[in-house]
Amino acid sequence: MTCSERLRSVDWRAVAAEFFATTMFVWAGCGVAVTCQQWGSDLTLSASELIAISLGFGLAISTLAYGIGHISGGHINPAVTFSFMWMNTMDRITCWFYILAQFVGAWFGALLLWGTTASLVFNCNDESTSNVCLASRQPDGSYGPPFGLGANQVGADVTQWCAFIGEAIGTYVLVFTVLHSAVHTKSTARNAAPIAIGWAVLLAHLVLVPLTGCGINPARTFGPLVVNSMAGVNKWTRGWWVYYTAPFVGSWFATLTYQFIFRIELEDGDGLRVTDDEVEDLILTRAQRARKVVRALSRGVSKKLSSLKVDTRMGDKTEESVVSPANTVSVAIDEELAHPDKTIPEDDQFVHEDDFPLVLLFEECT
């Protein structure tokens, strides 16, 4: 496949969704970090501020995952996209465009946040004692973006390697939750998966905000740092590298845990191996994938799967449904061939793969 063909294969709507979602995520999450400190009594992080910041990031990711999940999957984090890239469940060039969109979106979100809060320091002077003036004052007497726009920094009493471990574990919790709530076919979360993911982000922030500011998302860290640099403020201080390495390490370990411990793998009589998180990758975009699924279902593999989510294209219509192995699975053939009564029985009766055309539609029959 040539470079131009690969670029044409990218779902640019999904890439755009990741850009806009990451923009809004940084604006909302970091915005809460800025505004709740604005009204605090001193520069010490209080328990109420910690809870507010954690809720802000958790609710933001949950809300936006619901908003764009049906378009791009709602990654909003390069560490999450890295997990899908490692498992080969997404095209690699699409993954790289996701990551690029996330980084650019985070920068744009931080820029919008600066525009929203810039006036907070307009009246600051040497005699100002407000939180925002004290926190935003620079050594040369100027004032940078309010509270550094929530930029991540390793705490003074936290070593860089302790910060690395914390960020890796926080990302592990997040990616582990994503894979088991939103990807695993036996997940009971279903449409509530974004809530579980938001809770994972909330928990990580409750632990890590006092220690590292809680990155667990390289793009979220990148945006405020770059905008601070644009304002002449250097936030690339001790331990900045932690936020661009630890999340990927944590994501990698979470993915390996999922792949080699918790992922279910089944095999039919012909040696066709079907893993529960790769079923969608086998379905109906190409003839070979469609035929493999038909073979897997006809050989009784479907009896061992709790459900099978199918996104198919039939003519000009795209439909999505869930196939339950407890029910008879009907196979509606392409309209031109029209064999609506063709069925795959629940027993092990063989259904020849060549009996079906290139485009199939699986439906749940009640």
Side-chain angles (χ1 to χ4, degrees), residues 14-38 49-50 52-69 71-82 97-118 120 132 135-136 144-153 167 170-171 174-175 178 194 197-198 200-202 204-205 208-209 212-231 233 235-236 240 242-244 246-248 251:
V15 173
E18 288 295 313
F19 167 79
F20 285 109
T22 312
T23 295
M24 291 182 280
F25 173 66
V26 171
W27 181 87
C30 294
V32 172
V34 169
T35 55
C36 74
Q37 293 181 80
Q38 162 69 7
E49 290 170 346
L50 172 60
I53 293 170
S54 301
L55 280 172
F57 279 98
L59 290 173
I61 204 71
S62 181
T63 301
L64 293 166
Y66 270 120
I68 68 163
I71 300 175
S72 68
H75 296 189
I76 321 174
N77 186 336
V80 173
T81 302
F82 172 78
F97 276 110
Y98 266 38
I99 292 173
L100 177 62
Q102 290 155 1
F103 273 98
V104 176
W107 164 78
F108 191 55
L111 195 63
L112 293 178
L113 179 59
W114 187 21
T116 303
T117 61
L120 294 177
V132 67
S136 307
F147 297 102
L149 301 178
N152 292 129
Q153 290 186 295
E167 287 289 318
T171 312
L174 170 60
V175 176
V178 169
I197 295 167
V201 171
L202 185 152
H205 278 75
L208 294 175
V209 164
T212 64
C214 191
I216 67 171
N217 183 332
R220 171 262 183 270
T221 300
F222 178 79
L225 287 181
V226 171
V227 174
N228 273 282
S229 296
M230 293 170 58
V233 178
K235 292 289 185 179
W236 300 81
W240 66 267
V242 167
Y243 303 100
Y244 302 98
F248 292 109
S251 174

Once you round to the nearest 0.5 Å, how far does CZ of Phe147 lie from SG of Cys36? 8.5 Å
Within the distance-only criterion (no hydrogens, no angle test), does the side chain of Asn77 pair as donor or acceptor with the backbone N or O of Ile216 below 3.5 angstrom? yes
Before you tell me yes or no, could you show the steps for Leu149 and Thr117 under side chain to side chain contact (heavy atoms under 4.5 Å, CB included), namely the whole-Å CA-CA distance, both residues' side-chain angles and the distance that decides it to 0.1 Å? CA-CA 9 Å; Leu149 301 178; Thr117 61; 4.0 Å; yes
For Pro78 and Phe103, the nearest pair of non-hydrogen atoms, with its separation, is CG-CE1, 3.7 Å
Atom pair CD1 (Ile197) and CG (Leu64), whose distance is rounded to the nearest 0.5 Å: 12.0 Å
Any donor-acceptor N/O pair, Ser54 side chain to Leu50 backbone, under 3.5 Å: yes
Minimum heavy-atom separation for Ser136 and Val132, please, with both atom names. OG-O, 2.7 Å
Locate the shortest heavy-atom distance separating Ile76 from Glu18; write the atom from each residue and the value. N-OE1, 2.7 Å
Rounded distance (nearest 0.5 Å) linking atom CD1 of Ile68 with atom CZ of Phe20: 11.0 Å
Spatial distance of atom CG (Leu202) from atom SG (Cys214) [nearest 0.5 Å]: 10.0 Å
Given 3.5 Å as the limit, does a donor-acceptor pair link the side chain of Asn228 with the main chain of Val233, or not? no
Please round to the nearest 0.5 Å and tell me the distance separating atom CG of Leu111 and atom CH2 of Trp107. 5.0 Å
Please confirm whether the backbone N or O of Gly31 pairs with a side-chain atom of Thr35, one donor and one acceptor, at under 3.5 Å? yes
Thr212 vs Asn152 side-chain heavy atoms within contact, under 4.5 Å: no
Taking all heavy atoms of Tyr98 and all of Ser72, pick out the closest pair and write down the distance. OH-O, 2.9 Å
Quick one: pull up OH in Tyr243 and CG in Asn217 and give me the separation to the nearest 0.5 Å. 13.0 Å
Is the ring pair Phe57/Phe25 parallel, tilted or perpendicular, if the boundaries are 30 and 60 degrees? perpendicular
Looking at side-chain heavy atoms only, is the closest gap between Leu100 and Val15 below 4.5 Å? no
If you look at every heavy atom in Gly150 and Cys30, which pair is closest and at what distance? O-SG, 4.4 Å
Tyr244 vs Trp236 aromatic rings, parallel, tilted or perpendicular, using cut-offs 30° and 60°? parallel
Is it the case that atom CZ in Phe108 sees more than 12 heavy atoms from other parts of the structure closer than 6.0 Å? no
Minimum-distance pair of heavy atoms, taken over all atoms of Phe82 and Ser251: CD2-OG, 3.7 Å
